[in-house]
Amino acid sequence: MAKMNGMNANYREVAGVLATFENGAAFSREVFNKMVAAGSKRTFNSVNATLAAMAGKGFVTKAKGLYEAEEKVLTKYTLTAEGKAELEKEEDAPAE
């Protein structure tokens, strides 16, 4: 499977929220909670699946960690240098 050349709007939205956390690292539940607090209508499964897909593309890394709010070992996602670079890129202007 070919590597995607950039972030789509869905990835960009989730990565933008992930970037607001310390060191660009958070559990998917934390990302979801922040998005809902900001008025997003996304579901937890949607956010979680987006983060997992981004890991497959190299935009985030994943590692198991203790999510203290639920006292469970869950996957923690961290924005990579490639992910940060993609997030900072200006979105391509639409063709005329």
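- Residue Leu66 holds its CG atom at 11.5 Å from NZ of Lys72, rounded to the nearest 0.5 Å.
- Legend: side chain to side chain donor-acceptor pair (under 3.5 Å) pairs involving residues 35-51, not counting sequence neighbours, sorted by first then second residue: Asn10-Arg42, Asn10-Thr50, Glu13-Arg42, Ser28-Asn48, Arg42-Ser46, Arg42-Thr50.
- Note on Val14: it clusters hydrophobically with Phe21, by side-chain heavy-atom contacts below 4.5 Å among ILVMFWY residues.
- Taking each heavy atom of Ala15 and Leu87 in turn, the nearest pair found is O-CD2, 3.6 Å.
- A search for side chain to side chain contact (heavy atoms under 4.5 Å, CB included) contacts involving Lys84 returns Leu79, not counting sequence neighbours.
- Summarising the geometry of Glu86 relative to Met7, their closest heavy-atom pair is OE1-N, 3.4 Å, with the distance given to 0.1 Å.
- The closest donor-acceptor contact from the side chain of Thr80 to the backbone of Phe59 lies under 3.5 Å.
- Closest approach of Phe27 and Tyr67 over heavy atoms only: CD1-CD1, 3.4 Å.
- Residue Tyr11 comes nearest to Asn8 through the heavy atom pair N-OD1, 2.7 Å, listed as atom of the first residue, atom of the second, then distance.
- Residues Thr78 and Ala25 come closest through the heavy atom pair OG1-CB, 3.4 Å.
- Sorted by first and then second residue, the salt bridge (Lys or Arg N to Asp or Glu O under 4.0 Å) pairs with a member in residues 24-38 read Arg29-Glu70; sequence neighbours excluded.
- A pairwise comparison of heavy atoms in Ala26 and Val31 identifies CB-CG2, 4.0 Å as the closest pair.
- Using a 4.5 Å cut-off between side-chain heavy atoms of Ile, Leu, Val, Met, Phe, Trp and Tyr, with links allowed through other members, Val36 and Leu74 fall into different hydrophobic clusters.
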